[in-house]
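Residue numbers begin at 1 in each chain, while the letters A, B, ... track the order of the sequences.
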Number of protein chains: 2
Amino acid sequence: MDSFFSHFTLKVNPSIYLKDPETSKLGKRIIEGSINLIDAFGFDNFTFKKLADEIDSTESSIYRYFENKHKLLLYLTSWYWAWLESHLLYNIINVEDNKEQLKRAIRILTKKVEEDGSFSHINEIKLNQIIITESSKSYMHKDVDVENKEGAFLGYKSIVAKVAEIIIVINPKYKYPNMLISTIIEGAHHQRFFQDHLPRLSNNYKDEDTVSDFYAEMVLKVIG
Amino acid sequence: MDSFFSHFTLKVNPSIYLKDPETSKLGKRIIEGSINLIDAFGFDNFTFKKLADEIDSTESSIYRYFENKHKLLLYLTSWYWAWLESHLLYNIINVEDNKEQLKRAIRILTKKVEEDGSFSHINEIKLNQIIITESSKSYMHKDVDVENKEGAFLGYKSIVAKVAEIIIVINPKYKYPNMLISTIIEGAHHQRFFQDHLPRLSNNYKDEDTVSDFYAEMVLKVIG
DNA sequence: TTGTTATGATAGTACCGCTATTATATTTGC
DNA sequence: GCAAATATAATAGCGGTACTATCATAACAA
């Protein structure tokens with residue numbers, strides 16, 4: 001799988017950055033360093049000053065890549081959705097049965113990322129952790145409509161649409177495919193967080209991937 | 001219903017505040033003003049300085065009630081869960097049938113609050129809007145474990161536990177009652193936000209409360 | 001009316017978010 | 001190999017945020 005993914009770079013909507021971080025060494029250090037810092041200390045405690053110190057650069061240099069730290073978070077989430085969609089496609093491309101396609105899709109949307117892979121400067125395990133705890137901050141704010149118009153959430157919409165399509169093939173009468181998919185994506189993030197920090201809001205059983213099992217079961221029951 | 005709720009005050013865990021805002025006029029102005037400002041401009045743009053100006057008081061006075069703005073958000077969310085649980089109990093207390101209890105509970109957890117009620121200084125419609133867009137910020141941060149130990153999330157846990165109990169009565173074998181309930185609570189918030197701002201992540205149909213219908217159907221199908 | 005408590009007024013500090021300017025590398029084209 | 005173009009670094013500064021501290025005054029209760 002590594003060889004399949006390691007020879008191209010994932011596309012992120014250019015409205016998100018001032019200068020594409022993929023095009024320079026500093027850009028890659030910015031992405032790598034920000035993932036380390038946000039994962040370690042949380043997005044709220046993250047500043048460009050701290051990032052500059054971390055990667056031995058300066059605030060002003062970082063500001064040439066991203067307008068502000070919020071745009072950087074948008075970049076990380078967009079990259080993540082593009083990355084996840086490429087995995088999704090790779091995993092269902094040769095599968096005939098639609099139900100099997102759907103099952104695999106649910107697993108990919110809800111599983112915890114446990115192995116780092118193909119992109120040298122991006123640690124996908126840490127990025128997945130960041131998505132779980134911080135991704136809702138990328139759209140739950142007052143500027144969401146402006147950023148949405150600029151295309152900041154196309155990656156998220158795209159993966160939701162792809163899986164919703166599979167549902168429609170299986171059950172053309174089902175009324176809420178998009179709600180169902182975004183519910184399990186957001187739900188999986190929340191449940192992983194709850195299991196770590198607020199366990200009474202969730203249920204967990206040893207030796208099971210409870211989150212993934214729960215949502216897989218849910219989708220099949222709900223679409224009938 | 002007004003008369004039922006208007007004669008007592010809702011309990012919020014004292015670890016959240018330095019001084020109980022229910023015990024003074026200034027305290028009530030702080031709560032009322034913060035709801036207005038956060039609803040209008042978002043929690044990220046909210047500061048104690050702006051609140052002080054809004055209610056004709058001072059930063060230092062507000063700091064005597066709350067350690068910081070995050071604690072104030074915790075207060076609002078805790079109050080909301082206590083308020084919602086009191087509504088829940090009121091609405092199912094004389095209902096015999098467990099399935100009917102559950103249906104009513106789902107409606108209460110997922111519906112949009114459309115009428116302001118009993119507590120003079122708290123606008124419940126605006127508070128519901130705040131919960132939809134800001135409540136995840138009350139726990140999705142690095143201090144969640146400390147605050148959890150202090151009891152900051154007992155209200156949320158309590159309402160989840162109450163509804164999970166009903167599910168267990170209906171289907172004692174169901175493995176994931178808490179996951180299911182917290183999924184529909186968070187899901188309903190997200191879907192309401194998506195329908196307003198990122199509609200392609202959701203589905204909506206005129207003259208229906210799509211969010212509520214979707215989750216009501218989901219719960220019944222999932223628990224079998 | 002006297003003490004107690006609540007609120008207001010003011011000042012100050014460290015950090016954040018961001019802009020601007022100038023200097024120094026590094027890369028690219030000839 | 002050198003000049004021009006571009007990228008990065010260094011430094012300064014400004015207005016705002018998130019507090020903390022102190023002192024003055026208002027309200028209220030014994």
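Taking atom CZ on A/Phe48 and atom P on D/dT8, their separation rounds to 15 Å, with Å as the unit. Counting to the nearest Å, the C1' atom of D/dT8 and the NZ atom of A/Lys28 are 17 Å from each other. Look at CZ on A/Phe46: it is 15 Å from C1' on C/dC18, rounded to the nearest Å. Going from atom NZ of A/Lys49 over to atom P of C/dT19 covers 18 Å, rounded to whole Å. Atom pair A/Asp44:CG and D/dA18:C1' shows a separation of 14 Å (rounding to whole Å applied). For the pair A/Tyr17 OH and D/dA7 C1', the interatomic distance rounds to 17 Å; values are reported in whole Å. The nearest whole Å value for the distance from the CZ atom in B/Arg29 to the P atom in C/dA6 is 15 Å. Counting to the nearest Å, the P atom of D/dT6 and the CG atom of A/Leu26 are 18 Å from each other.
In this structure, B/Tyr75 has its ring center under 6.0 Å from that of B/Phe66.
Within the structure, salt bridge (Lys or Arg N to Asp or Glu O under 4.0 Å) contacts touching residues 185-194 of chain B (residues at least two apart or in different chains) are B/Arg192-B/Asp209.
Here B/Lys19 reaches the OP1 or OP2 of C/dT7: one of its side-chain N or O atoms lies under 4.0 Å away. Side-chain N/O atoms of A/Ser24 include one lying less than 4.0 angstrom from OP1 or OP2 on D/dT8.
Note on the helix from C/dT1-D/dA30 to C/dC30-D/dG1: terminal axis deviation equals 20°, with five pairs used at each end and the result rounded to 10°.
Summarising the local packing, CZ of B/Arg200 is surrounded by 12 or fewer heavy atoms from other residues, nucleotides or ligands at distances under 6.0 Å. Counting heavy-atom neighbours within 6.0 Å of A/Lys142 NZ, excluding the residue itself, gives a total above 12.
Using a 30° and 60° split on the angle between ring planes, A/Tyr63 and A/Phe48 fall in the perpendicular class, above 60°. Taking the six-membered ring where tryptophan is involved, the planes of B/Tyr156 and B/Trp81 are essentially parallel, since the angle between them stays under 30° and well short of 60°. In this pair, B/Tyr139 and A/Phe193 present their aromatic rings tilted. The plane angle is within the 30 to 60° band. In this structure, A/Trp83 and A/Tyr80 have tilted ring planes: the angle between them lies in the 30° to 60° band.
Counting only N and O atoms by type, the side chains of A/Thr58 and A/Ser61 include a donor and acceptor under 3.5 Å apart.
In this structure, B/Lys69 satisfies the cation-pi test against B/Phe43, with its NZ or CZ atom closer than 6.0 Å to the six-membered ring centre and inside 45 degrees of the ring normal.
Residues from residues 135-147 of chain B lying near DNA chain C, meaning a heavy-atom separation below 4.0 Å, are absent. Within residues 50-76 of chain B, the residues that place at least one heavy atom under 4.0 Å from DNA chain D are, in residue-number order, B/Lys50, B/Glu59, B/Ser60, B/Tyr63, B/Glu67, B/Asn68, B/Lys69.
Considering only residues two or more places apart in sequence or on other chains, B/His190 meets the ring-ring contact (aromatic ring centres under 6.0 Å, His included) condition with A/His190, B/Phe194.
Between A/Lys71 and A/Asp143 there is no salt bridge, since none of the side-chain N atoms of the basic residue sits less than 4.0 Å from a carboxylate O of the acidic one. Taking a cutoff of 4.0 Å between a charged side-chain nitrogen and a carboxylate oxygen, A/Asp44 and A/Lys137 qualify as a salt bridge. Salt bridge status for A/Lys149 with A/Asp145: absent, with no side-chain N to carboxylate O gap under 4.0 Å.
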Which pairs, protein N/O on one side and nucleotides 26-30 of chain D N/O on the other, fall under 3.5 Å?
none

